[in-house]
Each structure stands twice: as structure tokens, then as C-alpha cells.
Amino acid sequence: MNLFQTINTSGSGLTAEQLRMDVIANNIANVNTTRTPQGGPYRRQRVLFTPREPQVFFNIPFVKSQVIYNGKGVRVVGIEEDPSPFKIEYRPEHPDADKDGYVRLPNVNVVLEMTDMITATRAYEANVAAMRSAKEMMIRALDISR
């Protein structure tokens with residue numbers, strides 16, 4: 001793996017974690033949304049990641065036994081809705097209350113969202129640190145050649 005592949009791999013992680021943060025922010029913003037265009041309360045969303053396909057890399061030309069598989073980072077497969085049940089509260093004054101006075105609230109748990117946000121932040125920071133290390137290695141390699 002060369003240093004540019006390292007940066008490319010970390011860049012895919014940065015992009016994926018940024019999307020994850022966007023989805024978490026959307027979930028927190030809709031924590032009290034009881035009416036959506038699809039009808040019913042907002043349903044929590046979550047991001048699904050998968051590793052990128054490994055690339056076959058021949059390290060030494062004409063020697064097929066030296067095959068190295070390099071990771072290519074991560075990619076987002078999709079954003080899915082959380083199928084967990086909605087919260088139900090008794091609020092007879094709410095405009096979306098049913099005839100018995102119960103309101104269905106989104107299945108967003110703020111504590112869980114904050115935990116996911118901290119995890120995404122740490123993953124983002126780790127990818128930035130990997131990119132900085134790769135950059136430092138490139139600079140040091142250039143210094144050697146002087």
C-alpha cells in the first residue's frame with residue numbers, strides 16, 4: 001500500500017462518518033416530529049457501512065505468488081429506518097392525539113444518538129490522524145532525498 005492509498009482509504013472513512021453525523025443530526029432534529037409527509041411520526045434512520053472491495057495488488061512483477069490484498073476503505077450501503085416501535089404518550093391536548101388522547105412519538109432516543117455521535121466523532125478524528133501520519137511520512141521521505 002502506498003501513502004496515497006492510505007489517504008484515499010482515510011478519505012472514504014471521513015466521507016462515511018460525515019454522512020453518519022448528518023443522519024444523527026437529522027434524527028436529533030426530528031426528536032419531536034409527530035407528523036411527516038408519509039404520515040405518522042418520524043422514524044429513526046441509521047447508516048449502513050460495508051468495506052470496499054479489496055484490490056488485488058501484485059507487489060513484484062511476474063511473480064504471481066506475491067499477491068497482496070489492500071483494503072480500499074469503507075462505503076455507505078444505504079440509510080435504513082429503525083423498525084423499533086414508536087413511543088406512546090398520553091397528551092389529549094396534542095393535535096395528533098388519537099381519540100383516546102395518546103400520541104405516537106418518534107422512536108429516537110437522544111442518549112443513543114449522542115453515543116453514536118461520539119463514536120462517529122472519534123472515528124472521524126482517527127481518520128484525520130491517519131491522514132496526518134501519512135502526510136508526515138511523505139514529508140520525511142522527501143527530506144531523506146535532499
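Keep in mind it's a predicted model, so treat the numbers as computed, not measured. Atom set for the values below is all heavy atoms of this structure, side chains included, hydrogens, waters and symmetry mates excluded.
- Using a 4.5 Å cut-off on side-chain heavy atoms (C-beta onward), Arg140 and Asp143 make contact.
- Among Asn26, Asn32, Asn27, the single residue meeting the side chain to side chain contact (heavy atoms under 4.5 Å, CB included) criterion with Asn30 is Asn26.
- Counting Ile, Leu, Val, Met, Phe, Trp and Tyr side chains that sit under 4.5 Å apart, directly or through other members, Tyr42 shares a hydrophobic cluster with Met21, Ile24, Ile28, Val31, Val108, Val110, Met114, Met117.
- The backbone N or O of Tyr102 sits nowhere less than 3.5 Å from a side-chain atom of Asp100 that would complete a donor-acceptor pair.
- Hydrophobic clustering, with ILVMFWY side chains joined whenever heavy atoms are under 4.5 angstrom apart, keeps Leu14 apart from Ile118.
- The side-chain heavy atoms of Glu17 and Phe49, taken from C-beta on, include a pair separated by under 4.5 Å.
- Taken from CD1 in Ile79 to CG in Leu19, the straight-line distance is 4.5 Å, to the nearest 0.5 Å.
- Taking all atoms of both residues into account, the shortest heavy-atom contact from Thr6 to Ala130 is CG2-O, 4.5 Å.
- Within the 4.5 Å cutoff, side-chain heavy atoms of Lys135 are placed close to those of Ile139.
- Heavy atoms of other residues, nucleotides or ligands lying less than 6.0 angstrom from CZ of Phe86 number more than 12.
- Separation of atoms CZ (Arg75) and CG (Leu48) is listed at 11.0 Å; rounding is to 0.5 Å.
- Considering Pro51, Ser10, Ser12 as possible partners of Val74, the one that fulfils the side chain to side chain contact (heavy atoms under 4.5 Å, CB included) test is Ser12.
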Let's go through His94 and Thr34 carefully: what are the C-alpha distance in whole Å and the side-chain angles of both, what is the deciding distance for side-chain contact (heavy atoms from CB on, under 4.5 Å) to 0.1 Å, and is it a yes or a no? CA-CA 10 Å; His94 197 281; Thr34 58; 3.4 Å; yes
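- Listed by first and then second residue, the side chain to side chain donor-acceptor pair (under 3.5 Å) pairs that reach into residues 79-91 are Arg44-Asp82, Arg46-Glu80, Asp82-Ser84, Ser84-Asn107, Glu89-Arg91, sequence neighbours excluded.
- The side-chain heavy atoms of Met138 and Leu142, taken from C-beta on, include no pair separated by under 4.5 Å.
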